[in-house]
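I have placed the structure first, in the form of structure tokens, so that the comments after it can refer back to it.
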Amino acid sequence: MACNGSGCQSGCYKDEEEPKRENLAVPTKTDSASNGNICVKCKLNDSVSGYGGIDDGRFCADCFRSNLFGKFRYAVTSNAMISPTDKVLVAFSGGPSSRIALQYVHDLQERAQKNFDACRDRSLPVFGVGVVFIDESAVVPIPSGEMDEAVGFVSSVVSCLAPPKKELHVVPIETIYSSDSSDGKERLLKILNAVSDPTGREDLLGQGYSLPADIQYVDARWEIPVVLPLRDCFAQEINMLCRLDGLKTLKLSTSPSSTINGLVSSFVQLLQEENPSRESTIVRTAGKLIPFQFNKIPEITDGHVPLATRRRQKRYNLKSNESVSSESFCPLCNSPLDKSEIVNRSNHDNGSTGEFFYAACCSSCQYQILPRDSTTMEQFYTDLPQSIISRSEEANNCNLSLLREQIQDCLLSDDEEET
């Protein structure tokens with residue numbers, strides 16, 4: 001978040017400067033003598049190991065920190081994730097990944113504040129940072145005392161960060177229905193209990209999953225884009241950094257998951273334990289999937305954003321597949337619809353609201369979440385949160401010419417109809 005001016009004499013902090021932290025767990029002479037490895041980057045200090053991956057044992061503690069932060073910073077700058085006028089909300093669960101994400105965003109904000117204070121004209125504002133913690137105790141069996149301790153832990157972590165101040169928002173998941181916690185909890189449990197498939201219930205809480213869309217750095221399907229700046233950082237690396245820097249993390253007591261999502265997570269974890277380099281292979285392979293048009297930050301036109309940042313955005317923005325629709329999404333999980341699903345929706349324009357909603361959803365939601373009985377489907381639709389109903393109504397009222405353009409290849413021309 002530097003001023004990017006080559007002739008600047010204000011003493012501001014350049015982007016290349018790395019965050020400095022105390023070396024809390026550097027190996028001792030005895031430890032280094034046992035492994036006999038020297039850092040391949042600085043050639044001075046002894047390397048650290050134990051975090052898996054192809055770089056395990058190659059870097060010392062300081063170079064390891066610098067390398068991991070470099071991955072984060074490259075993702076942020078190349079995708080123009082944060083501009084000086086932004087307000088960034090960090091989703092904080094207390095786990096290792098969100099703990100590092102919060103620390104790194106704080107480092108960027110702290111440096112931007114120093115730049116602002118050091119610059120004479122103070123032309124670059126400092127982006128704001130907030131933190132949100134979602135209380136899922138209404139739908140996940142977590143002891144109330146443990147959740148209270150978790151909220152206290154999160155509050156302590158946020159309050160201990162140096163200025164600028166970060167505002168913490170603790171949001172119960174049932175507020176998606178109503179600000180009245182008891183009423184919202186009852187309605188949320190009612191809709192979840194109507195879903196018989198365990199994986200479907202889990203996907204309904206997590207807004208579904210679309211691998212080609214969710215594996216990218218940016219997801220701009222929402223009014224406020226979601227970014228994943230730690231996508232290229234391995235879980236073992238993040239855990240190692242938490243140990244090195246003494247960053248405390250939080251893990252709530254939850255029962256083992258028997259869903260497809262849980263089985264896949266267990267399988268990937270087993271692969272990581274047997275061969276840590278497989279994690280890198282999986283991420284690289286998934287990253288080759290064709291992204292969508294919404295997998296990039298909208299082009300920046302704000303004059304407060306440095307020219308170098310805008311140029312980087314144009315250079316690194318993903319080339320999406322123009323043939324893939326970026327306008328039509330499942331109203332339930334918000335995953336992008338293919339053309340066959342759009343055709344199916346257009347054939348139910350005159351049905352009931354429940355029937356139209358069922359037809360407007362993706363095939364995955366139809367199979368795992370939605371009831372097949374029309375009467376039950378009508379009740380299910382009525383019990384949905386207003387935000388999802390509004391999304392469905394927007395799809396119902398979409399421009400017909402746009403819909404025809406999207407399914408043009410599937411329609412017969414007037415000449416073909418006559419023959």
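Considering CG of Leu68 and CG of Leu241, their distance stands at 5.5 Å, rounded to 0.5 Å. With rounding to the nearest 0.5 Å, the separation of CD in Glu110 from CD in Gln103 is 8.5 Å. Taking CG from Leu189 and CD from Glu174, the interatomic distance works out to 8.5 Å, rounded to the nearest 0.5 Å. One finds the OG atom of Ser93 at 10.5 Å from the CD1 atom of Ile134 (value rounded to the nearest 0.5 Å). To the nearest 0.5 Å, atoms CG (Asp62) and CG (Asn67) are separated by 12.5 Å. Rounded to the nearest 0.5 Å, atoms CD1 (Ile238) and SG (Cys233) are 5.5 Å apart.
With hydrogens and angles ignored, the 3.5 Å screen pairs no side-chain donor or acceptor of Arg58 with any backbone N or O of Val40. A donor-acceptor pair is defined here as one N or O able to donate and one able to accept, closer than 3.5 Å; such a pair exists between the side chain of Asp197 and the backbone of Thr199. Counting only distance, with no hydrogens or angles, the side chain of Asn239 and the backbone of Ala235 share a donor-acceptor pair below 3.5 Å. A distance-only check finds no donor-acceptor pair linking the side chain of Asp245 to the backbone of Leu247 [under 3.5 Å]. With hydrogens and angles ignored, the 3.5 Å screen pairs a side-chain donor or acceptor of Arg221 with a backbone N or O of Asn334.
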- Kindly indicate, with the supporting measurements, whether the criterion side chain to side chain contact (heavy atoms under 4.5 Å, CB included) is fulfilled by Phe59 and Cys39. CA-CA 4 Å; Phe59 301 110; Cys39 175; 4.3 Å; yes
- Please lay out, stage by stage, how Glu136 and Leu205 fare under the test side chain to side chain contact (heavy atoms under 4.5 Å, CB included). CA-CA 10 Å; Glu136 296 183 323; Leu205 281 172; 5.9 Å; no
Step by step, would you call Arg231 with Gln216 a side chain to side chain contact (heavy atoms under 4.5 Å, CB included)? CA-CA 8 Å; Arg231 193 198 77 167; Gln216 310 299 335; 4.0 Å; yes
Checklist line | Residues Leu332, Leu384; criterion side chain to side chain contact (heavy atoms under 4.5 Å, CB included); working and verdict | finding: CA-CA 9 Å; Leu332 191 58; Leu384 285 171; 4.1 Å; yes
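Among the candidates Val129, Val76, Thr77, Val227, the single residue satisfying the side-chain contact (heavy atoms from CB on, under 4.5 Å) test with Ile82 is Val76. Just one residue in the list Thr175, Asp183, Asn193, Ile173 forms a side-chain contact (heavy atoms from CB on, under 4.5 Å) with Leu188, and that residue is Ile173.
By the 4.5 Å heavy-atom criterion applied to side chains, Cys361 and Leu370 are counted as neighbours. With contacts defined as side-chain heavy-atom distances shorter than 4.5 Å, the pair Phe64/Glu237 qualifies. Between Phe72 and Ile100 the shortest side-chain heavy-atom distance does not fall below 4.5 Å. Using a 4.5 Å heavy-atom cutoff, the side chains of Pro336 and Phe329 are in contact. Looking at heavy atoms from C-beta onward, Asp203 lies out of side-chain contact with Val195 at the 4.5 angstrom threshold. Side-chain contact between Val90 and Ser98: absent, with no pair of heavy atoms (C-beta onward) separated by less than 4.5 Å. The shortest side-chain heavy-atom distance between Cys333 and Cys362 falls under the 4.5 Å cut-off. Taking 4.5 Å as the limit, every side-chain heavy atom of Gln386 sits out of range of all side-chain heavy atoms of Tyr177.
Listed by first and then second residue, the salt bridge (Lys or Arg N to Asp or Glu O under 4.0 Å) pairs that reach into residues 365-385 are Lys190-Asp383, sequence neighbours excluded. Residue pairs that meet the salt bridge (Lys or Arg N to Asp or Glu O under 4.0 Å) test with at least one member in residues 142-169, sequence neighbours left out, do not exist here.
Remark: Lys114 does not engage Asp117 in a salt bridge, criterion side-chain N to carboxylate O under 4.0 Å.
When every heavy atom of Thr85 is checked against every heavy atom of Pro125, the shortest pair comes out as CG2-CG, 3.9 Å. Across Cys63 and Cys42, no two heavy atoms sit closer than the pair SG-CB, 3.8 Å. Of all the heavy atoms in Asn45 and Cys60, the pair that sits closest is CB-CB, 3.5 Å. The shortest non-hydrogen separation linking Gln109 to Phe127 is NE2-O, 3.2 Å. In this structure, Ala61 and Val48 approach most closely via the heavy-atom pair N-CG1, 4.0 Å. Summarising the geometry of Ala75 relative to Tyr217, their closest heavy-atom pair is CB-CE2, 3.8 Å, with the distance given to 0.1 Å.
In this structure, Asp232 has no salt bridge (charged side-chain N to carboxylate O under 4.0 Å, His left out) partners at least two apart in sequence or on a different chain. Residues meeting the salt bridge (charged side-chain N to carboxylate O under 4.0 Å, His left out) test with Lys185, sequence neighbours left out: none. For Phe357, the ring-ring contact (aromatic ring centres under 6.0 Å, His included) partners are Tyr381, not counting sequence neighbours.
Cation-pi geometry between Lys71 and Tyr104 is not met: the NZ or CZ atom fails to fall both under 6.0 Å from the ring centre and inside 45° of the normal.
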Side-chain donor-acceptor pairs of residues 152-162 under 3.5 Å, sequence neighbours excluded:
| from | atom 1 | to | atom 2 | distance (Å) |
| --- | --- | --- | --- | --- |
| Ser155 | OG | Val151 | O | 2.9 |
| Ser159 | OG | Ser155 | O | 3.0 |
| Ser159 | OG | Ser156 | O | 3.0 |

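Atom CG of Leu252 sits in a crowded spot, with more than 12 heavy atoms from other residues, nucleotides or ligands closer than 6.0 Å.
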